[in-house]
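In what follows, every chain begins at residue 1, and chains take the letters A, B, ... in the order their sequences are listed. Because only heavy atoms are used, hydrogens play no part in the values below, and waters and symmetry mates are left out as well, while side chains stay in.
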Amino acid sequence: MTVAHEANIDIKKGSSSLLHNLAFRGVAYQVLLAAAIVLLAYLLYQNVNANLEKQRIATGFDFLNETSGFDIGETLIEYDSEDSYGRALLVGIMNTLSVAACGIVLATILGTIMGIARVSRNWLASILASGYVEICRNVPVVLHVIFWASVIRNLPSPKQALSPMEGVFLANRGFIFPVPEPNPAYTWVWVALAAGLVLAFGFNYWAQKHREKTGKYIATLWPCMGIVIGLPLAAWLVQGAPLVWSVPELKGFNFRGGASLTPEFIALLIGITFYTGAFIAEIVRAGIQSVPVGQIEASRALGIRRGFIMRYITFPQALRVIVPPTTSQYLSLTKNSSLGVLIGYPDLVNVGNTTLNQTGQAVEAIAVMMAVYLGISLTISLGMNIYNRIVAIKER
Amino acid sequence: MPGARKTRKKNETGETIITLEGVSKWFGDFQALRDINLTVDKGERVVVCGPSGSGKSTMIRCINRLENHQRGRIVVDGIELTDNLKNIEAVRREVGMVFQSFNLFPHMRVIDNLALAPMLVRQMPKKDAEEMALGYLRRVQIEEQAYKYPGQLSGGQQQRVAIARSLCMQPRIMLFDEPTSALDPEMIKEVLDVMVELAEDGMTMVVVTHEMGFARTVANRVIFMDDAEIVEIAPPETFFSKPKSDRTKLFLSQILTH
Amino acid sequence: MTDTTAPIAAPPRAEGQADTDQPRSRQQPPPTEKIAVLRWMKENLFASPGNTLLTIILGAALIYWVPAFIKWGFIDAIWYTPDPEVCRQSDGACWAVVAEKHRPMLFGLYPYEEHWRLVVALAVYLGSFTITLIRRFWHWQILVPLWTVAIAVISTMLWGGVFGLTFVETSQWGGLPLTMVLFSGTVVLGFPIAILLALGRRSHLPLIKATSVTIIESLRGVPLITILFVAVNVFPLALPDGLEFDKLVRVMVGMAIFFACYQAEVIRGGLQAIPRGQYEAAESLGLSYWQMTTRIILPQALRIALPGIMNHIIAALKNTSFVLIIGLFDILTATTAVMQDPLWRRWFVEAYLFVAAVYFFFCYVLSKYSQQVERWLSEGRRF
């Protein structure tokens, strides 16, 4: 039995220098880093201030309240050149959000179709989808946007506008199409649509519960579609089916009536959609292929119906692989919408850039842009994290 | 193994090389080691056994500071293990370690696995380091595998390479953390043979293992750990024939009836 | 020893073995080639009614579009003419715009009579690049001298000012060489930063970790444009009086840091995949932190993260085109500027297709190459 003899542990060697102490080193490294950051920040601040003073450029965010003096071609809220820079930037933010939102929806649709086509059994479809993916993702997004902007700019003038359908025009002024004249009755149609969606979800939920309880399967697809389409239709018919189309007509050099998408908006939208769509297609393909064949074989062996296999076996597993990288694609699409500045689409960066040039307050203007994008990025990733958690829990 | 017995006699009166004194360690709220006292003499072979989660791996990982203990003292070859980087480096130079999962570097050939540490830590010229590496590979009888990657070897061969890699640092102490647990039965013997040979050469060894045959023939003392503390320390003869503690008896009955 | 030690892979029953060794005469002949083609078509084009319909629609579209495209792009195309009027008369593509304007497109604002220097620089660059990609030349003894000489030649050619070559300012650099300089600079500067950020993010020292996380996450959250704006508009303000940095360098640094933040996340993924045992084995051998990191951990982490790393390198090449916004004359900016020429602007489609083909070529080669490297690494070493 050997238990330590406390008194005579023999320590012959070893250093006790503070420099070799791990805890001390940890603290020292961090203090050095903190000092470097503080020093750098101080130096930058000093230099920037001195330079701005020398160039007589104001500092601070007061300019947000000053009159901007420039017009913006495309606004979702009321705005004119009498309004402040702050409001101009708000217009820019809303334009960024609207083009990004449209881009996300379209790129998701395009990417999903192409991704499924790539793994489809149809050779022609798969080869065409591969071609699309390889071409679009290996060409810079800047070139995509510039190219489409040039294409649209070189479309014929309104007088010789392309008209693929009665009342629909494609010209260098953009895409012009008929819309129904506003009518108070439409409010109720929207309400009915919302109610229809709620009812459809409720019905779906009930049908699932019912199946779990009794084992009887109730088809939900057609009834749900019936509710979602039927309710608004009924609401519209009940109010006497009011419909007056506002059809665009050529008056002088431009169109009157109807609605239009500006050439800049279309070019930017097409550019970022095609580019991001290619990446999403790859993600969707990888997601589908990530579900092992054994899963489907096992489900077939259990005698589960084809539709159910897709819905309960393949889809949830593929989705788990697809969602996280798709989120980062959404983020990069949103950031790429800043290419609007290249082609004159009044997005946040474009408006911010004009502000920067007029006021000279580069630091503040860029800070505003960065802060807004950071906010958007954080919001999207937060939302996707929550969604991810829901999907993950459902799986278990 | 008669050779082993002979060396055991020879080294019993040696000087102390490892001392653990009142060592305790916690992982969060869970106490992994409770007041461990142990001394190991130079040239001694100590086998540590016990049920899983009893703290035996944690104990030997503390000896070369892969884990840091929170209370008590650990002195290895006259150097106390503290927060001091130089001391830790010095101890690690003297102590070799063999892991359950080999932990060979998969991106390097076998010979580079062996020669790396002597070159970087002992600043040995490349030629000498490789010569030495080949020598140790010969000792563990896999010289012909020197220019392969670890992934191309069997588990037993990998573990022998791992032992040779530790030996290349010419350590005074070797720690073995369940070196045969991840191996297929037919490969266990080749690794144990290497370890027995090492013991015969008089290496100080602390071995965590369930190979009771190895303990019986090679160990000077067997330590039984349970629930974060040392329950019993005894020479193998008494440990297996007349265990004192009930916990030891229970453990032995479970492990020997398999 | 009992029968449990009998070899597990005992030979199967004799009659079972006979199945595989049956005489050839009893085997059925394989399907003939003609039937195989039909079966292939049935399986891959007409497997179901829906599939057949899809094939017919896509096939019809192809039959309509492909000949039209070939007619436009090749048969009716004007390949060379100095006179835009010739193109105007034709229905086909006017590749003559590329032939006519290739020099300003490829070389930007660089003095016209010095263009040969850019050709030399490009040739040296692409040559060195190709050699670097070939596996046989992956030795420091080859690559280090190669690139030392290459960089010396390229910078002499671009800058001039020695050996009787006229000096050319960086603001006059342009076209493909500028794209090449930006791309290489971004990757070479950015990669070490990426590694430091990735290691920093995994540090156990809270302040170092927090700093890395803040840099990575905030820069990944903003568009590249805003970073270029900082490099162009804010950075000069932050320097003390009299100290100036070349615009090209500022932009390159901005792009490098942006690149590094994305790359850092990829590398972090690789680091996370390294088992703890590797750290422990290295530590127990007495390796210091940097020895362990550079010799054991990073080589494995970078190898695991290689596909992602290559993706971001390709992205860096595409991202060089963002300099259009801040007025550096890379190949895309130069082309856009050339397309202001009223005589030739009609044929912007051809010009942009040409630029797209250049980008596509390099990006596609890089991505195929990265897949090849993956294959090499996984066949040679099993880990």
Side-chain angles (χ1 to χ4, degrees), chain A residues 26-27 29-31 33-34 37 43-48 50-52 54-55 120-126 128 134-135 137-144 146-147 150-151 154 328 331 334-339 341-342 349 352-353 356 362-363 365-366 369-371 373-378 381, chain C residues 40-41 43-45 47-48 51 54-55 58-59 62 203-208 211 217-218 220-227 229-230 232-234 236-241 314 317-322 324-325 332 335-336 339 345-346 348-349 352-353 355-357 359-364 367:
Chain A
V27 173
Y29 288 141
Q30 299 192 71
V31 168
L33 179 68
I37 293 173
L43 277 178
L44 292 183
Y45 179 78
Q46 282 287 314
N47 286 335
V48 168
N51 278 316
L52 290 179
K54 205 172 61 186
Q55 295 175 22
S120 106
R121 283 189 300 171
N122 190 309
W123 178 79
L124 209 52
S126 114
L128 286 174
E134 289 301 343
I135 290 172
R137 71 172 180 171
N138 280 320
V139 168
V141 61
V142 185
L143 183 48
H144 278 273
I146 293 270
F147 178 79
S150 304
V151 167
N154 283 279
S328 62
L331 289 174
T334 308
K335 285 177 268 167
N336 282 338
S337 74
S338 59
L339 288 170
V341 67
L342 264 181
V349 170
N353 195 30
L356 186 160
V363 181
I366 293 171
M369 291 184 226
M370 285 184 155
Y373 278 105
L374 212 50
I376 296 173
S377 296
L378 291 178
S381 28
Chain C
W40 182 89
M41 284 179 67
E43 275 172 7
N44 293 295
L45 293 173
S48 66
N51 243 319
L54 187 63
T55 304
L58 291 176
L62 278 182
S203 167
H204 59 273
L205 301 175
L207 189 67
I208 291 179
T211 311
E217 291 306 327
S218 54
R220 270 158 37 99
V222 301
L224 178 55
I225 293 185
T226 55
I227 290 170
F229 280 165
V230 170
V232 174
N233 294 309
V234 178
L237 293 175
L239 289 178
D241 241 359
I314 293 170
L317 176 54
K318 288 185 285 177
N319 280 347
T320 55
S321 58
F322 273 78
L324 174 56
I325 296 149
L332 185 56
T335 306
T336 308
M339 283 302 108
R345 73 199 303 178
R346 280 170 67 106
F348 69 92
V349 172
Y352 284 132
L353 280 183
V355 179
Y359 279 111
F360 178 84
F361 173 76
F362 288 114
C363 294
Y364 191 74
S367 72

For A:Leu339, which atoms come within 4.5 Å of any heavy atom of chain C: side chain, backbone, both, or neither? both

Portion of C:Leu332 that has a non-hydrogen atom of chain A nearer than 4.5 angstrom: side chain

Go through the structure and list residues passing side chain to side chain donor-acceptor pair (under 3.5 Å) with A:Glu134, not counting sequence neighbours. A:Arg137, A:Asn138

Could you grab the distance from atom CG of A:Leu143 to atom NZ of C:Lys318, nearest 0.5 Å is fine? 11.5 Å

Tell me whether A:Asn154 contacts the main-chain N or O of C:Arg346 through its side chain, where contact means a donor paired with an acceptor under 3.5 Å. no

Compare all side-chain heavy atoms of C:Leu62 with those of A:Leu124 and state whether any distance is below 4.5 angstrom. yes

For residues A:Val48 and C:Ala238, report the shortest heavy-atom separation together with the two atoms involved. CG2-CA, 3.7 Å

Paired with A:Ile366, the side chain to side chain contact (heavy atoms under 4.5 Å, CB included) test is passed by just one of C:Val234, C:Ile227, C:Val222, C:Ile225, namely C:Val234

A:Trp123 vs C:Leu58 side-chain heavy atoms within contact, under 4.5 Å: no

Distance-minimising heavy-atom pair for A:Gln30 and C:Ile208: OE1-N, 4.1 Å

For A:Ala362 and C:Asn233 the tightest heavy-atom approach is CB-CB, 3.9 Å

In terms of heavy-atom proximity below 4.5 Å to chain A, should C:Pro206 be classed as side chain, backbone, both, or neither? both

Would you please classify the geometry between the C:Phe348 ring and the A:Phe147 ring as parallel, tilted or perpendicular, with 30° and 60° separating the classes? tilted

For C:Pro223 and A:Lys335 the tightest heavy-atom approach is CB-O, 3.6 Å

Out of the candidates C:Tyr359, C:Phe322, C:Phe360, only one should pair with A:Pro140 under the side chain to side chain contact (heavy atoms under 4.5 Å, CB included) rule; please name it. C:Tyr359

Any residue meeting side chain to side chain contact (heavy atoms under 4.5 Å, CB included) with C:Thr211, in chain and number order, not counting sequence neighbours: A:Leu33, A:Ile37, C:Leu207, C:Ile215

Under 4.5 Å heavy-atom distance to chain C, tell me which part of A:Leu374 shows up: side chain, backbone, both or neither. both

